[in-house]
*Asks:* 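Handing you this structure, nothing more for now.
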Amino acid sequence: YSRRQICFIVAKALLGSDTVGYANGLTRILNTTVSHCGYPAPSVERPEGQPSALTGDFGVSLWNLLSACAADPNLKDGQQGPLVLVAKGKAREEVETVRGAASRAPLSEAQLSACRYDDGEAGPVRGEGFAEMPASLCTPPTTGAPGRDFMIGGVTRMKGQAIQDISAKFLGGYVFGNACGLGGGQDERLMTYLPEVFALTFFLSQDADHPQLREPSWILGARMLHVGLDGTARHNRRMELDNGVPLTSDLVEVRVGSGTYSIASTTPFLGFMSENQDFLGESAVWEGSRSVSDMREHMTLARQNRHPLQRSVEPAEWFSFMFQVRAWYSAVALTSYHADVRPALRSLVKSLGTGPFLSGLWFGDSQLGFLTVWVGHAAAASTWAAPRTHGDVDQEGEPAADARSPPLPVQYYVYADFTENPGNQCFVHSKAACEKCLQTCAANPLPRSSFWLPDWAFMGPGNNMSCVVDSEKYCGKKGFQDVVAAYSQKTAIRLWEDVEKILRAGPQTESQIFDLLLAE
């Protein structure tokens, strides 16, 4: 879609227009009543009708998009403006295919770097096995304002750093008929701050229950039009229109199929899911067949990285570690996307930023989440490298580049209080840093506007604390820096097999995964 086409689609949807013969999700979500939603500006006169995405934050975001459309010089005199490109990935690879890729991939291929954003310390991680992360990609938040992480907007955002969105099977999460804007997890908040992503996510589906784009999907050329959001979502209620959002300065000429187009490069977006939704059986609580007290016991163990099911390893268990590695690999590997869009992806995406994949609102083990990212990314990174010789083609028939482009780096961010499952990511640290991280979260918990948890996930004596509290005794001796130092010269398959070996020895939930791994 051109930028002008998106502006047109959004304007029509805001005014209630529909598409004949196609039940697009954008018009439907804007006109679906959500009775429990409020209004973003209480002092403003209430619109007619019931609250919905149209009257909530999503509606505000889309109207702000139209103001950007009006100011855009690329749309002057009827011009179409830059391209916004959606690339849907193919079905996930077989696990054995991913193992084969991992057997050929050194872990160093991932070019892993890390940022300690607000976990009791701050700044890029230095040490054996880590690539250098520029300080411009990792600065801590200050009182009243976010710092710089992979989710931040504004003029300081690094062009080409992609945002990894922890999605459901459909981008945007469970918002259709349930939410009107800010709330829920990372997925829902990004939809509010990236209105072009929101518009295309819903417009490109007419599914009856969840009319949203399916994962994995890249969206290139969309922009973060607001400032205030970071991985903690602590200041997301600001939702200020970014007066400095680039309109022309971030445009890059790229090849798509047989044509050349301008695409904005500031905020590449990749949405995909881990394969562990509802592995703890939370749906039984919603259905009334399981008690909240029973679920709370299991959830407490999960938030402490101590639930046996988090350590599933056998192929018969659909949420096993192998399927998490497959999910990351299949979403990130360039070969998962049509050959016509690969040159654009290579030109626009320079790195991939991520947070606590696997261990957000689906409550996986954060240490296994880190290992998933490192193993899966190392296996997938080389698919981004263009062939060396001019005139070559790849296995899909894509023309080769003159010079070999580098593999795709991954940048891992650590939080004391990520907007999903705040505090759990602290367990990726070694003992002293983990304890400090947990204490940091408990001392300054997120406001209720910055996170969502089911009732049974709250902790503490009154079951009213969002952080993982009273859990310092479960911090392990070893942290992710120890694991990187020990394995940085090894292959992805070696780490994968070593993880499965300790998992097959039994849940061993009295110890954290890293301690078991490095005791071998």
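Keep in mind that this is a model prediction, so the values were computed, not measured. We number each residue from 1, following the sequence as shown.
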*Asks:* Which atom pair, heavy atoms only, marks the closest approach of V245 to M224?
*Replies:* CG2-O, 3.9 Å

*Asks:* Is the backbone of F150 close enough, under 3.5 Å, to the side chain of R157 for a donor and an acceptor to pair up by distance?
*Replies:* yes

*Asks:* Return the orientation label for the F370 and W374 ring planes: parallel under 30°, perpendicular over 60°, tilted otherwise.
*Replies:* tilted

*Asks:* Where do V10 and A199 come nearest, in terms of heavy atoms and distance?
*Replies:* CG2-CB, 3.7 Å

*Asks:* Hey, what's the ring geometry for F279 with F319, parallel, tilted or perpendicular (30° and 60° as the breaks)?
*Replies:* tilted

*Asks:* As a test of understanding, state which of L348, L251, V84 forms a side chain to side chain contact (heavy atoms under 4.5 Å, CB included) with I263.
*Replies:* L348

*Asks:* Please report whether the SG atoms of C434 and C426 are separated by less than 2.5 angstrom.
*Replies:* no

*Asks:* Test L200 against every option in L171, I6, L213 by the side chain to side chain contact (heavy atoms under 4.5 Å, CB included) rule and name the one that passes.
*Replies:* I6

*Asks:* Suppose the criterion is disulfide bond (SG atoms under 2.5 Å apart): which pairs have a residue in residues 144-178, not counting sequence neighbours?
*Replies:* none

*Asks:* Which heavy atom in T267 sits nearest to a heavy atom in R223, and how many Å separate them?
*Replies:* OG1-CA, 4.3 Å

*Asks:* So that I can confirm a possible disulfide, could you see if the SG-SG distance for C7 and C69 falls below 2.5 Å?
*Replies:* yes

*Asks:* Can you tell which of F272, Y412, F323 makes a ring pair (Phe, Tyr, Trp, His ring centres under 6.0 Å) with W328?
*Replies:* F272

*Asks:* Within the 3.5 Å criterion, strictly below it, is a donor on S366 or N424 matched to an acceptor on the partner's side chain?
*Replies:* yes

*Asks:* Specify the closest pair of heavy atoms between M273 and R92, including all atoms of both residues, with the distance to one decimal.
*Replies:* O-NH2, 3.1 Å

*Asks:* Once ring pair (Phe, Tyr, Trp, His ring centres under 6.0 Å) is applied, do any residues pair with F58, and if so which ones, sequence neighbours excluded?
*Replies:* F198

*Asks:* Out of T232, D149, D230, which residue meets the side chain to side chain donor-acceptor pair (under 3.5 Å) rule with Y117?
*Replies:* D230

*Asks:* Is a side-chain donor-acceptor pair under 3.5 Å present for T266 with D250?
*Replies:* yes

*Asks:* Quick one: closest heavy-atom pair of G231 and F418, and the distance?
*Replies:* O-CD1, 3.2 Å

